[in-house]
Novice: 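Quick one: structure below, then a few questions.
Residue numbers count from 1 along this sequence.
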Amino acid sequence: MKKKNIFHIALFVAFVALLSLPWIQMKTQFVKIEPLKGAFNIAEKKPLTWQSYRDGSFQKSVEDYLSDHFGFREWAIKTYNQYIWSCYGLWNKTCIRLGQDHWLYFLDDVNDFNYGIGCYDAPDSASLMTRYVNDSRNLYWMQEILKEYGVSLFVCMAPSKSMIFPEHIADHVPGYQCGLPKAYPYYVSRFKELGLNHIDFNAYYSQLKGKTDYPLYYKFSSHWTNISVCYMGDTLLRYMEGLDGRRLPRLHVGQPYEAPAVEPDNDMMGVVSVWFPLEKQTYLYADVSMVLNPRDDRPRLLAVGDSYCMNFHNMVPFDSIFSQYRYWYYFHDIERDPNRQYVEQVDILDEVLNIDYLMVIWCPINIYKLGHGFPEQALINLCVDDSIVAARFRQEVAAIQSNPAQMQAVQDKADQNGWRLKQALTNEVYQRFYDHPDQYFEELNTNAVPTSRNSRIAETRDTLNRRGVIRRQIQNDTRWSQYVKRKAEESLISHQEAFDNEVDWVLQHPRMSQRDKDIKQCVIEIYTYEPGLSEVGSKAEAQHLTLDQAVWAEARKQSKK
């Protein structure tokens, strides 16, 4: 009887332990599991407030959070996906379309090829054409302005899997089904009319199809193959030579060899999230080396683009070819920079002027949002003086604050995104500037290439200029830069004005004691630590001080400890 009880107790303990494993894994991650591939939003818990409890949003956020974070979630999803595919031939991924002979396509890519999916962002043909005209014009203006400073801009048009291999799409609809003009053919024609530098790899891949001894696309990839990009790297360099007459290094591509898949050659299998591939696939690779001649230049390159640039980034030795190389992924993340992670941390004016080549690279599905706001932001920085931006920023903030309906819309955005109200207001003003720069700055409201220039260009171009040196130090220090932008939000002034104020402050304090340095560091830490800043903000209200006065007082108090 006792043995039977021991067995039941052991069975119960084992059962409870098994049930507890997902919770333990969620809390401790004691088993290292490779994250699932693909783009998706992971739910986060909302803070518990009386309002969120009453309206049920807190309970819903906890439910969504547990659904996205429970232990061994990755294994559970892959097991389920494998089960429904192996037993029923079904997908759990609506974003992927299974074509003939197990070719995989992203649904957006197929829909764009058949219907022009990007066109649906515009209500009518006139609105869409306005966007196309403005986007191509802005890039052309950038090209012509940057020429003045010795920078060669060009557009690299990456290929599209559905355009190169439409015959494998299971539900391919011959002919174009949308009444609105597609972006890719329009831009190819418009770039030629404007004289905008561009290299069209989509057309080139169409010519190469069936004529190479290496694959242009794999069945399970959404991007051009890594091995094809090895050969395209030299093609790209020769094109760049023709822009300004420089002599760039040559590339040597070794003999192809088979190897396990390297991202993104099987990226879609990662998104499908199954245990076993649909079929065995052979992947080819080649070693690429730089052949440097004594007469060759090693210029500076900034690449701004989508994930198609990642193949160049991984397979071609850009770090060796160029003396300075940066890659801004979707104009958001920064690759190849040990100090900075996001584009918002950099001074765009400084970045675009202190390079030799600017490559804007997008594939056809992404050129409906050509540049993802980069050309517009760059033009404002190049053509509009910081003082004018600062004044216009204050005017727009005042206009929004005086309009209850607009302020309510800003408050709604703040609530939806978990932003502070001043942060949401700052974001709203900048978004308006970037969406319609010509409506806010008369310098850009012209039919010809803008002739006005930001007075800070001279400071930026002069690497020995004291203000420029200090500004770069601030920009390159993540915490310091965050502090300046947070001060801008609290004061509701433009980032440009806030950085100018900070440079002025540094110049006014050339010789600081160690205690003064400690106080300044404390100020930066308070401004960039949200709970600490909220606490100081409460003290400021109680003592009838400005936030900045309260922060400095708190910093002096802490520095004495």
Side-chain angles (χ1 to χ4, degrees), residues 106 108-109 111-113 115-146 151-160 162-163 178 180-203 223-224 236 239 302-310 312 327-333 343 348 351-352 357-383 430-439 444 449-450:
F106 274 120
D108 283 352
D109 196 19
N111 285 345
D112 181 57
F113 179 77
Y115 312 112
I117 187 172
C119 298
Y120 296 117
D121 288 340
D124 51 51
S125 182
S127 300
L128 189 65
M129 289 306 299
T130 299
R131 182 200 302 172
Y132 290 170
V133 169
N134 290 342
D135 287 352
S136 54
R137 177 206 63 194
N138 290 342
L139 272 176
Y140 174 70
W141 283 359
M142 273 191 69
Q143 171 187 287
E144 296 304 295
I145 293 170
L146 290 175
V151 180
S152 297
L153 177 149
F154 68 97
V155 180
C156 178
M157 306 185 77
S160 159
S162 62
M163 291 185 182
C178 178
L180 302 178
K182 285 172 123 177
Y184 168 72
Y186 171 83
Y187 282 130
V188 170
S189 173
R190 183 60 177 160
F191 289 172
K192 292 176 181 177
E193 292 175 9
L194 290 172
L196 178 59
N197 301 326
H198 68 283
I199 178 170
D200 186 359
F201 278 111
N202 194 64
H223 297 77
W224 47 5
L236 181 69
Y239 172 78
L302 170 62
V304 182
D306 60 19
S307 53
Y308 265 76
C309 189
M310 192 64 73
F312 281 129
Y327 168 29
W328 292 356
Y329 180 68
Y330 279 100
F331 190 49
H332 185 271
D333 300 335
V343 172
I348 291 179
E351 295 290 326
V352 300
Y357 292 102
L358 174 55
M359 176 172 72
V360 180
I361 173 170
W362 301 95
C363 69
I365 186 61
N366 286 323
I367 56 175
Y368 289 95
K369 298 177 181 178
L370 185 58
H372 281 237
F374 169 58
E376 291 72 25
Q377 293 194 35
L379 283 172
I380 292 175
N381 277 273
L382 286 165
C383 301
Y430 274 113
Q431 193 59 54
R432 292 184 180 189
F433 287 175
Y434 300 150
D435 285 345
H436 304 286
D438 55 327
Q439 295 180 14
L444 300 176
V449 177

Novice: How long is the gap from CZ on Phe154 to CD1 on Ile361, to the nearest 0.5 Å?
Specialist: 8.5 Å

Novice: Would a distance-only check, ignoring hydrogens and angles, find a side-chain to backbone donor-acceptor pair under 3.5 Å from Trp224 to Tyr308?
Specialist: yes

Novice: Treating Arg131 as the side-chain partner and Lys369 as the backbone partner, does any N or O pair qualify as donor plus acceptor under 3.5 Å?
Specialist: no

Novice: Hey, are the side chains of Leu196 and Leu153 touching, using non-hydrogen atoms and a 4.5 Å cut-off?
Specialist: yes

Novice: What's the spacing between Leu139 CG and Phe191 CZ if we round to 0.5 Å?
Specialist: 6.0 Å

Novice: Taking side chain as C-beta onward, heavy atoms only, is Leu379 less than 4.5 Å from Ile145?
Specialist: yes

Novice: What are the two closest non-hydrogen atoms of Tyr330 and Ser307, and how far apart are they?
Specialist: CE1-N, 3.7 Å

Novice: If I take atom OH from residue Tyr184 and atom CD1 from residue Ile365, how far apart are they, to the nearest 0.5 angstrom?
Specialist: 14.0 Å

Novice: Can any side-chain N or O of Gln143 pair as donor or acceptor with the backbone N or O of Gly195 at less than 3.5 Å?
Specialist: yes

Novice: Got Val155 and Trp362 here, is their nearest side-chain heavy-atom distance under 4.5 Å?
Specialist: no

Novice: Identify the heavy atoms of Val352 and Leu302 that sit nearest to each other, and give their distance.
Specialist: CG1-CD2, 4.5 Å

Novice: May I ask you to decide if Ser160's main-chain N or O and Asp109's side chain share a donor-acceptor pair within less than 3.5 Å?
Specialist: no

Novice: What distance do Tyr187 atom OH and Leu370 atom CG have between them, rounded to the nearest 0.5 Å?
Specialist: 5.0 Å

Novice: Just by distance, do the side chain of Tyr132 and the backbone of Ala183 share a donor-acceptor pair under 3.5 Å?
Specialist: yes

Novice: To the nearest 0.5 Å, how far apart are OG in Ser189 and CG in Leu194?
Specialist: 9.5 Å

Novice: Do you know which two heavy atoms are closest between Trp141 and Pro450, and how far apart they sit?
Specialist: CD2-CD, 3.4 Å

Novice: Under the ring-ring contact (aromatic ring centres under 6.0 Å, His included) test against Phe374, which residue among Tyr434, Tyr329, Phe331 passes?
Specialist: Phe331

Novice: Does some side-chain heavy atom of Asn138 sit less than 4.5 Å from a side-chain heavy atom of Leu444?
Specialist: no

Novice: Heavy atoms, side chains only, cut-off 4.5 Å: are Gln377 and Phe433 in contact?
Specialist: no

Novice: Do Ser136 side-chain atoms and Val133 backbone N/O form a donor-acceptor pair below 3.5 Å?
Specialist: yes

Novice: If every non-hydrogen atom of Pro364 is compared with every non-hydrogen atom of Pro159, which pair is closest and at what distance?
Specialist: CD-O, 3.7 Å

Novice: What's the spacing between Leu146 CG and Leu382 CG if we round to 0.5 Å?
Specialist: 5.5 Å

Novice: Of the non-hydrogen atoms in Met142 and Pro375, which two are nearest, and what is the gap between them?
Specialist: SD-CA, 3.5 Å

Novice: Minimum heavy-atom separation for Asn366 and His372, please, with both atom names.
Specialist: O-NE2, 4.3 Å

Novice: Heavy atoms, side chains only, cut-off 4.5 Å: are His436 and Asp438 in contact?
Specialist: yes

Novice: Let's go through Arg137 and Asn134 carefully: what are the C-alpha distance in whole Å and the side-chain angles of both, what is the deciding distance for side chain to side chain contact (heavy atoms under 4.5 Å, CB included) to 0.1 Å, and is it a yes or a no?
Specialist: CA-CA 5 Å; Arg137 177 206 63 194; Asn134 290 342; 3.5 Å; yes

Novice: Kindly say whether His198 contributes a backbone atom to a donor-acceptor pair with the side chain of Tyr239 at under 3.5 angstrom?
Specialist: yes

